[in-house]
S.K.: 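Sharing a structure with you now.
Because the structure is a prediction, the values reported are computed rather than measured.
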Amino acid sequence: MVSPEHEVGLTIRLIDDARAWDELVEQLDGRLLQSWRWGELKSRHGWKPIRLAWLDSTGHPAIAAQLLFRRVGPLSIGYVPRGPLVAEGASYTARDRSYTHAVDRIARREWAICVLAEPEDEGGCTVLTGASGWQRSPTVIQPQRTVRVAIDVDDQTLLARMKPKTRYNIRLAERRGVQVRLGTAADLPAFYELLRETSERDRFGIHRIEYFRDILEIFGEDAALVIAEKEGEPAASALVVRFGAEAVYLYGASAARHQRHMASYLVQLAAMRWARERGCRVYDLWGIPPTDEPPDDIPDDQLNVRQGLWGVYRFKAGFGGQVRSYPGSYERIYSRPLVWLWRRLRSMEG
């Protein structure tokens with residue numbers, strides 16, 4: 001830890017050690033997007049990570065935040081994914097001021113026009129107050145809800161918690177000879193081709209293949225490329241990353257010609273088993289729509305397009321997890337005209 005500063009009873013430090021940072025994130029119940037390696041991944045794709053901790057008088061962490069800055073010409077946009085992290089029961093009445101002052105100093109140094117934050121829980125919202133100049137943001141980067149499956153059980157219990165249709169589809173894939181294996185970097189082109197096909201079918205954008213190669217390289221044994229094959233052809237795949245006691249299903253894809261074989265269901269079961277073997281207690285299926293039911297004006301054949309993804313929701317909900325909602329998005333604006341212009345000219349990459 002380096003660069004201590006003091007404000008309203010808290011010591012603010014810049015953290016430059018990977019192990020120390022990840023231990024801090026886990027201590028504050030943080031997750032993948034606040035991890036050191038997530039910041040390293042983003043640093044390869046246009047973002048600059050800055051990791052700060054606010055310590056109380058006894059040296060215990062009160063707040064932590066990994067801030068990411070991305071250049072927008074000579075200026076930048078700041079972003080705190082699934083943060084800030086705030087210790088439960090911390091009693092400082094001026095925590096929000098301390099947090100905001102530190103963020104402001106860094107934002108000025110980075111020529112930021114605004115800083116966005118999407119906290120993990122309501123604790124993070126306690127330092128994003130209106131009194132300190134934060135406000136709710138219309139810019140949403142990460143999913144607003146997710147499905148989390150408890151996987152620290154045996155297969156029999158895991159399957160029993162799933163919906164009957166999901167169990168049926170898993171067994172159907174097995175009966176039809178779908179084979180599942182863990183892939184390597186050599187399988188990345190096949191995965192990417194499946195992802196490209198899926199993105200065109202369901203109308204969502206994807207990163208370049210280098211992004212996924214970097215995930216596998218940076219996370220190493222904590223990343224899994226799960227591939228299902230039917231008669232030697234890729235049928236479905238998933239890219240899963242582990243941090244702490246949780247694994248996150250970040251990306252999935254399937255081949256339309258093999259969808260009737262239900263390979264995607266078998267992929268998820270294999271990914272859950274992989275995560276459980278590595279000590280994970282929870283499997284996060286990542287993103288679902290903000291409501292349980294689609295609007296009436298979306299026809300059934302459009303449920304899987306990016307505007308809704310309710311078909312994907314039904315798939316994920318079948319694995320028997322619990323729905324978790326996030327508090328939403330907040331922003332601290334430094335130049336309203338430039339933010340207004342940015343929102344109209346550029347999209348934010350997650």
S.K.: Got a salt bridge between Arg148 and Glu246, using NZ or NE/NH1/NH2 to carboxylate O under 4.0 Å?
M.R.: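 Judged by the 4.0 Å cut-off on N to carboxylate O distance, Arg148 and Glu246 do form a salt bridge.
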
S.K.: Measure the OH-CG distance between Tyr211 and Leu216 for me, rounded to the nearest 0.5 Å.
M.R.: 12.0 Å

S.K.: What's the shortest heavy-atom distance between Val80 and Ala65, and which atoms?
M.R.: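 Heavy atoms of Val80 and Ala65 come nearest at CG1-CB, 4.2 Å.
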
S.K.: Ignoring hydrogens, what is the shortest heavy-atom contact between Ala263 and Ala228? Give both atom names and the distance.
M.R.: CB-CB, 3.9 Å

S.K.: Can you pull the salt bridge (charged side-chain N to carboxylate O under 4.0 Å, His left out) pairs that have at least one residue in residues 226-242, sequence neighbours excluded?
M.R.: Arg181-Glu229, Asp222-Arg242, Glu233-Arg257

S.K.: Begin from the C-alpha positions of Arg71 and Ile77 and carry the test side-chain contact (heavy atoms from CB on, under 4.5 Å) through to its verdict.
M.R.: CA-CA 6 Å; Arg71 305 309 301 178; Ile77 297 290; over 6 Å; no

S.K.: To check you understand the geometry: which heavy-atom pair defines the closest contact between Pro189 and Ala185, and what is its length?
M.R.: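 Reported closest heavy-atom pair: CD-O, 4.0 Å.
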
S.K.: Do side-chain atoms of Arg203 reach the backbone of Ser199 as a donor and acceptor pair under 3.5 angstrom?
M.R.: no

S.K.: Is Thr166 reaching over with its side chain to a backbone N or O of Gly318, donor-acceptor style, under 3.5 angstrom?
M.R.: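 At least one qualifying donor-acceptor pair exists.
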
S.K.: How many angstroms lie between CG in Leu24 and CG in Leu85, if you round to the nearest 0.5 Å?
M.R.: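 The distance works out to 7.5 Å.
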
S.K.: Applying ring pair (Phe, Tyr, Trp, His ring centres under 6.0 Å) as the test, list every pair that has at least one member in residues 232-256; sequence neighbours left out.
M.R.: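 Every ring pair (Phe, Tyr, Trp, His ring centres under 6.0 Å) pair that includes a residue of residues 232-256, provided the two are not neighbours, is Phe212-Tyr251.
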
S.K.: Evaluate the side-chain contact (heavy atoms from CB on, under 4.5 Å) criterion for residues Arg37 and Leu41: first the C-alpha distance (whole Å), next the side-chain angles of each, then the deciding distance (0.1 Å), finally the verdict.
M.R.: CA-CA 6 Å; Arg37 284 183 289 182; Leu41 170 67; over 6 Å; no

S.K.: Are the side chains of Leu68 and Lys48 in touch, meaning some heavy atoms are under 4.5 Å apart?
M.R.: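 Of all side-chain heavy-atom pairs linking Lys48 with Leu68, none is under 4.5 Å.
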
S.K.: Can you tell me if Ser237 uses its side chain to pair, donor with acceptor, with the backbone of Ala253 under 3.5 Å?
M.R.: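 Checked: no pair found.
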
S.K.: Test your reading of the model: is there a side-chain donor-acceptor pair from Gln34 to the backbone of Pro81, 3.5 Å cut-off?
M.R.: yes

S.K.: Is there a side-chain contact between Pro289 and Tyr313, using heavy atoms and a 4.5 Å cut-off?
M.R.: yes

S.K.: For atom CZ of Arg175, is the number of surrounding heavy atoms from other residues, nucleotides or ligands below 6.0 Å larger than 12?
M.R.: yes

S.K.: Are Arg332 and Asp104 within salt-bridge range, i.e. N to O under 4.0 Å?
M.R.: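 Salt bridge present between Arg332 and Asp104.
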
S.K.: Between Arg167 (side chain only) and Met162 (backbone N and O only), is there a donor and an acceptor less than 3.5 Å apart?
M.R.: yes

S.K.: Stepwise, does the side-chain contact (heavy atoms from CB on, under 4.5 Å) test hold for Val248 with Tyr283?
M.R.: CA-CA 6 Å; Val248 181; Tyr283 184 84; over 6 Å; no

S.K.: Report yes or no: does Ser43 contribute a side-chain atom to a donor-acceptor pair with the main-chain N or O of Glu40 at less than 3.5 Å?
M.R.: yes

S.K.: Just checking, any donor-acceptor pair under 3.5 angstrom between side chains of Trp54 and Thr11?
M.R.: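 No pair is found: no donor N or O on one side chain lies under 3.5 Å from an acceptor on the other.
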
S.K.: Out of curiosity, does Val140 fall in the hydrophobic cluster containing Trp342 (side-chain heavy atoms, cut-off under 4.5 Å, transitive links)?
M.R.: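 No; tracing contacts between hydrophobic side chains, which count when under 4.5 Å, never links both residues.
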
S.K.: Less than 3.5 Å apart, any donor N or O on the side chain of Arg70 or Ser76 sitting next to an acceptor on the other?
M.R.: no

S.K.: Given side chains that start at C-beta, do those of Arg145 and Tyr326 come closer than 4.5 Å, heavy atoms only?
M.R.: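 Arg145 vs Tyr326: side chains apart.
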
S.K.: Using the rule that Ile, Leu, Val, Met, Phe, Trp and Tyr join whenever any side-chain heavy atoms are under 4.5 Å apart, tell me whether Ile215 and Leu194 fall into a single cluster.
M.R.: no

S.K.: Look only at the side chain of Arg276 and the backbone of Val153, and say whether a donor-acceptor pair between them is shorter than 3.5 Å.
M.R.: yes

S.K.: Can you see whether Lys165 engages Tyr265 through a side-chain donor-acceptor pair at a distance of less than 3.5 angstrom?
M.R.: no

S.K.: Under the 3.5 angstrom rule, does the side chain of Ser254 hit a backbone N or O of Ala236 as a donor-acceptor pair?
M.R.: no

S.K.: Any donor-acceptor pair under 3.5 Å linking the side chain of Arg109 with the backbone of Arg105?
M.R.: no

S.K.: Would you indicate whether the side-chain heavy atoms of Ile288 and Pro143 approach each other to under 4.5 Å?
M.R.: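 No; the side chains remain at least 4.5 Å from each other.
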
S.K.: Are Leu33 and Ile218 connected, step by step, through hydrophobic side chains (Ile, Leu, Val, Met, Phe, Trp, Tyr) whose heavy atoms are closer than 4.5 Å?
M.R.: yes

S.K.: Please tell me if the side chains of Thr198 and Phe204 come closer than 4.5 Å, counting only heavy atoms from C-beta onward.
M.R.: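 Result yes, sub-4.5 Å side-chain heavy-atom pair found.
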
S.K.: List the atom of Leu32, the atom of Trp38, and the distance in Å for their closest heavy-atom pair.
M.R.: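 In terms of heavy atoms, the two residues are closest at O-CB, 3.3 Å.
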
S.K.: Hey, are Arg44 and Glu217 close enough for a salt bridge, meaning a charged N less than 4.0 Å from a carboxylate O?
M.R.: yes

S.K.: Quick one: does Tyr330's side chain get under 4.5 Å of Cys125's, heavy atoms only?
M.R.: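 Result yes, sub-4.5 Å side-chain heavy-atom pair found.
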
S.K.: Please report the shortest heavy-atom distance between Gly321 and Val147, naming the atom on each side.
M.R.: CA-CG1, 3.8 Å

S.K.: Please check this pair: side chain of Lys316 against backbone of Leu285, looking for a donor-acceptor N/O pair closer than 3.5 Å.
M.R.: yes

S.K.: Once you round to the nearest 0.5 Å, how far does CG of Leu10 lie from CZ of Arg95?
M.R.: 9.0 Å

S.K.: With a cut-off of 3.5 Å and sequence neighbours excluded, list every side-chain donor-acceptor pair involving residues 111-123.
M.R.:
unit_1	atom_1	unit_2	atom_2	d
Glu118	OE1	Tyr79	OH	2.6
Glu118	OE1	Gln142	N	3.0
Glu118	OE2	Ile141	N	2.8
Glu118	OE2	Gln142	N	3.4
Glu120	OE2	Arg31	NH1	3.0
Glu120	OE2	Arg324	NH1	3.3
Glu120	OE2	Arg324	NH2	3.0
Asp121	OD1	Gly123	N	3.0
Asp121	OD1	Gly124	N	3.3

S.K.: Decide yes or no for Val180 and Val226: does some side-chain heavy atom of the first lie under 4.5 Å from some side-chain heavy atom of the second?
M.R.: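 Answer yes - side chains close enough.
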
S.K.: Do Glu174 and Arg171 pass the salt bridge (charged side-chain N to carboxylate O under 4.0 Å, His left out) test, and can you show the C-alpha distance, the side-chain angles, and the key distance before you say yes or no?
M.R.: CA-CA 5 Å; Glu174 292 173 333; Arg171 290 164 180 156; 5.9 Å; no

S.K.: In Å and rounded to the nearest 0.5 Å, what is the CH2 to CG distance from Trp21 to Leu52?
M.R.: 7.0 Å

S.K.: Is the closest side-chain donor-acceptor distance between Ser35 and Asp22 under 3.5 Å?
M.R.: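 Not at all, the side chains of Ser35 and Asp22 share no donor-acceptor pair under 3.5 Å.
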
S.K.: Are Val241 and Val282 linked, directly or through intermediate hydrophobic residues, by side-chain heavy-atom contacts shorter than 4.5 Å (ILVMFWY only)?
M.R.: no

S.K.: Taking the side chain as everything from C-beta on, heavy atoms only, tell me whether Thr146 gets closer than 4.5 Å to Val323.
M.R.: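 In short, these two side chains do not touch, never coming nearer than 4.5 Å.
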
S.K.: Would you name the heavy atoms of Trp274 and Leu182 that are closest together and state the gap between them?
M.R.: CD1-CD1, 3.8 Å

S.K.: So, taking the atom named CD1 in Ile50 and the one named CD in Gln66, what distance separates them when rounded to the nearest 0.5 Å?
M.R.: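 Going from CD1 on Ile50 over to CD on Gln66, the span is 10.0 Å.
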
S.K.: Distance check, rounded to the nearest 0.5 Å: Leu269 atom CG versus Arg273 atom CZ?
M.R.: 4.0 Å

S.K.: Do Arg161's NZ or CZ and the ring of Phe319 fall within the cation-pi criteria of under 6.0 Å and 45°?
M.R.: no

S.K.: Begin with the C-alpha distance, continue with both residues' side-chain angles, and end with the deciding distance and a verdict on side-chain contact (heavy atoms from CB on, under 4.5 Å) for Thr100 and Val127.
M.R.: CA-CA 8 Å; Thr100 301; Val127 297; over 6 Å; no

